[in-house]
There are 2 protein chains.
Amino acid sequence: MQAEAPGRVQDVRRQNLAVALGAIQRTERSTRAEIAARTGLTKASVSSLVAGLLETGLVEEVGVTRDGERGRPGSGLVLNRQRGALGAEVNVDYLAAGVVDLLGEVRVQEVVERPPGGSPEKILGELRALARRVTTAADADGMVLLGGGLAVPGLVDPARGLVLTAPNLGWRNAAMAQQLEALLPGAPLGVVLSNEANSAALAELWYGHGSSFRDYLYVSGEVGVGGGLILGSELFAGPSGHAGEVGHLVVQPDGPQCSCGGRGCLETVAGQHAICSAAGIDGTSTADRMAALLRALDAGSPEAARAVETAGLYLGVALASAARMVNVSAVILGGHFAALQKWIGPSLLRSLGSYAPGVVPADGVAFSDLGQTAALRGAAGSRLREVFASPHDLLN
Amino acid sequence: MQAEAPGRVQDVRRQNLAVALGAIQRTERSTRAEIAARTGLTKASVSSLVAGLLETGLVEEVGVTRDGERGRPGSGLVLNRQRGALGAEVNVDYLAAGVVDLLGEVRVQEVVERPPGGSPEKILGELRALARRVTTAADADGMVLLGGGLAVPGLVDPARGLVLTAPNLGWRNAAMAQQLEALLPGAPLGVVLSNEANSAALAELWYGHGSSFRDYLYVSGEVGVGGGLILGSELFAGPSGHAGEVGHLVVQPDGPQCSCGGRGCLETVAGQHAICSAAGIDGTSTADRMAALLRALDAGSPEAARAVETAGLYLGVALASAARMVNVSAVILGGHFAALQKWIGPSLLRSLGSYAPGVVPADGVAFSDLGQTAALRGAAGSRLREVFASPHDLLN
DNA sequence: ACGAATTAGTATGGAATCTGAACTATATGG
DNA sequence: CCATATAGTTCAGATTCCATACTAATTCGT
């Protein structure tokens with residue numbers, strides 16, 4: 001019995017605005033009558049709700065549509081493609097920004113490679129310039145941006161605009177509320193932080209394999225191994241916001257020390273550094289080493305193949321446990337795991353089948369094909385989702 | 001965007017009835033004015049809501065209460081202790097039933113030891129006789145039972161009244177909707193099935209260490225190792241209802257075969273059978289063997305101590321992973337783990353600290369002291385919680 | 001002992017919002 | 001060109017909340 005807030009009569013309208021908007025979102029073109037039929041609201045209510053939605057600017061009335069054969073045609077209602085959200089990502093060796101419209105389509109997008117390192121202020125300055133280019137382009141297209149999301153590879157506190165820790169960026173307790181606001185000055189919903197793996201998991205839901213799975217564990221293979229958990233088509237963040245972190249599940253009780261202080265974590269055998277080292281590959285930057293690893297695999301290097309196979313084996317151990325723990329039957333692999341699909345897939349499947357038979361079937365394992373801008377899309381998408389969840393907030 | 005139901009004006013009242021009832025539940029004795037102050041509802045609304053609650057019979061008006069110094073005293077409102085729910089449990093070697101009132105107090109309770117084995121029909125026949133004794137006693141006390149819960153050590157489908165699998169009972173796809181109804185004929189909310197570990201986890205929340213933790217993993221050590229996950233003071237069941245099953249997390253990638261088909265599961269090293277075997281203890285029944293184990297430990301047997309220590313070590317491995325996966329920082333151990341607290345505690349803490357330092361601190365590890373009737377209380381309690389969540393349903 | 005002050009609870013009117021039924025608007029089809 | 005069908009609007013009625021005013025019951029101060 002947590003402190004439940006009392007309901008007001010007005011809350012009913014809040015909810016029904018969202019219900020009506022949801023109905024419009026789910027089809028290419030709706031009419032009021034259709035919305036009434038699908039939601040169970042009366043025509044009268046829908047009329048009134050649609051009037052409200054038109055006022056928010058989220059919905060547009062387009063010409064008449066003849067749906068059936070006889071009778072008066074309805075007037076078409078569609079989502080306004082001139083409304084959208086900014087998505088951005090700071091990662092170890094690149095910055096990215098883009099604009100996604102209400103239909104979920106990426107309208108503008110730009111990725112800038114950059115050498116690793118730099119203070120939060122410096123990097124956000126660069127990102128700001130990038131964001132300005134992107135939003136200016138969107139503006140020229142007549143778009144209005146309602147809010148934005150910024151994904152970073154680390155733990156965040158979205159409410160306070162704080163990056164708690166981002167080990168691979170070298171950030172710790174970075175307060176960035178002001179810089180976030182500066183990315184999208186005056187936007188109704190502001191810009192909020194999110195975790196890169198979580199955003200990528202959501203991008204997968206909306207733009208990737210989400211059509212096949214409602215519940216899955218997304219595993220992002222970067223320098224570290226991150227994770228995002230999608231349950232019931234929603235991100236499940238856990239009590240303090242970082243559930244799904246598979247990178248530090250214990251897969252080798254007597255394995256090597258991990259940077260987290262633990263021992264035998266998945267990351268120590270399946271992270272990019274670990275795989276490259278095991279394959280005997282070195283180089284200056286991580287990106288270079290990964291490229292070299294792929295070349296070695298293509299060239300048929302048995303050493304490289306064995307390194308990746310081992311990673312797949314332990315990935316299977318971790319995913320077997322993880323899937324049982326949260327009761328999901330699907331896994332989506334992104335980042336370097338997606339790039340290594342051909343080589344890591346077989347040992348992963350074998351391992352999953354042997355450690356948790358029947359839990360994650362072979363067709364429950366998928367590899368992402370969203371590429372580098374997954375997190376950006378997820379970050380923007382989650383802000384759009386907020387809009388869909390409470391359109392009322394856009395009515396002054 | 002799942003199919004959201006439209007809201008009606010009446011739903012506001014549904015919610016506010018629950019809010020008002022919640023306010024009454026949280027204090028020993030309330031007045032209308034107090035409820036208004038605490039919930040934010042107006043006095044007028046509270047008056048009307050309380051009238052409704054009185055009609056459900058869940059709340060009683062008791063004499064006037066002088067709360068402050070001056071002014072008209074309020075009329076006291078308390079939960080009706082004559083309303084309650086039946087809780088029952090079928091376990092490998094005992095049956096249990098009891099009645100819990102709205103205050104959460106156990107009013108009647110009875111446990112019957114019985115030899116393992118028997119068809120679902122036979123066992124539910126015995127349980128029915130037990131339930132009748134208990135409900136008759138409650139009836140004599142003037143109690144009205146609104147519903148009931150039956151906990152079983154296995155996976156259940158509460159909606160269809162089905163026990164999917166209960167390996168230690170030897171049940172599989174047992175349909176028991178009729179027998180459930182017969183346990184409490186004509187009760188407004190019927191009797192529903194639940195998983196034993198989940199119910200025990202909830203009992204811990206309401207009657208045990210729940211006052212210290214809002215988020216924790218409960219681990220039930222029985223013949224198998226079960227688990228229940230509490231997040232935000234709610235049971236988290238996962239997409240298909242069996243999240244939190246720590247018994248089959250992989251703790252030894254090259255460990256022995258498990259009955260689940262996997263390999264190196266926690267259950268193969270920390271289940272009752274596994275511990276007793278490792279300690280070199282045999283006997284006819286599991287209960288006998290556990291008793292012998294405790295005697296051996298008390299007598300200082302190094303073999304027994306080592307067996308339990310090993311179990312604690314691997315329990316730590318599993319819990320380190322589990323806690324990270326769902327992002328909780330507390331663990332409550334029940335069943336034989338509670339009984340073995342003195343011997344298993346140190347190695348468990350050591351292991352947790354070494355595999356996931358900082359994730360589950362030492363004061364995040366607690367041992368249950370609810371004993372055998374935890375599941376019964378949890379099962380009844382969850383039905384009562386339903387009543388508190390929607391008192392409206394009890395109005396004609 | 002009695003009125004002022006204080007607090008509890010109820011009654012009444014107004015606002016928001018849904019429903020249902022009646023009504024208007026605009027098509028198709030013989 | 002009128003019957004039929006479908007879309008959308010209007011309006012009265014129901015529900016439930018809030019705000020305010022009112023009545024009820026008690027303590028405090030003189």
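Every chain is numbered from 1, with letters handed out A, B, ... down the list of sequences.
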Distances for protein N/O vs nucleotides 26-30 of chain C N/O pairs under 3.5 angstrom?
unit_1: C:dT26; atom_1: O2; unit_2: A:R72; atom_2: N; d: 3.1

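- Salt-bridge annotation for A:E34 and A:R29: absent, with no side-chain N of the basic residue lying under 4.0 Å from a carboxylate O of the acidic one.
- Counting to the nearest Å, the P atom of D:dT6 and the CD1 atom of A:I35 are 18 Å from each other.
- Between B:R32 atom CZ and D:dA24 atom C1' there is a gap of 13 Å when expressed in whole angstrom units.
- If you check every strand for non-hydrogen atoms under 4.0 Å, A:A44 touches a base.
- For B:S212, there are no side-chain hydrogen bond (donor to acceptor under 3.5 Å, both in side chains) partners, not counting sequence neighbours.
- Shown here are the ring pair (Phe, Tyr, Trp, His ring centres under 6.0 Å) partners of B:F236, two or more places apart in sequence or in another chain: A:F236.
- Legend: residues meeting side-chain hydrogen bond (donor to acceptor under 3.5 Å, both in side chains) with A:E61, ordered by chain and number and at least two apart, are A:R32, A:S75.
- In this structure, CD of B:Q15 is placed 16 Å from P of C:dC18, rounded to the nearest angstrom.
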Which atoms of nucleotides 12-17 of chain D (N or O only) lie under 3.5 Å from a protein N or O atom, and what are those distances?
unit_1: D:dC17; atom_1: OP1; unit_2: B:N16; atom_2: ND2; d: 3.4

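- Closest non-hydrogen pair, A:L86 versus A:L183, comes out as CD2-O, 4.1 Å.
- Applying the ring pair (Phe, Tyr, Trp, His ring centres under 6.0 Å) criterion to B:F213, with sequence neighbours excluded, gives no partner residue.
- OP1 or OP2 of C:dA11 has not a single side-chain nitrogen or oxygen of B:S47 nearer than 4.0 Å.
- Taking for each of B:K43 and A:G76 the nucleotide of DNA chain D with the nearest heavy atom, the 5'-most of the two is the partner of A:G76.
- Whole-Å rounding puts the A:R29 CZ to D:dA7 C1' distance at 15 Å.
- The nearest pair of heavy atoms linking B:A330 to B:D215 is CB-O, 3.7 Å.
- A side-chain donor-acceptor contact under 3.5 Å links B:R383 to the backbone of B:G190.
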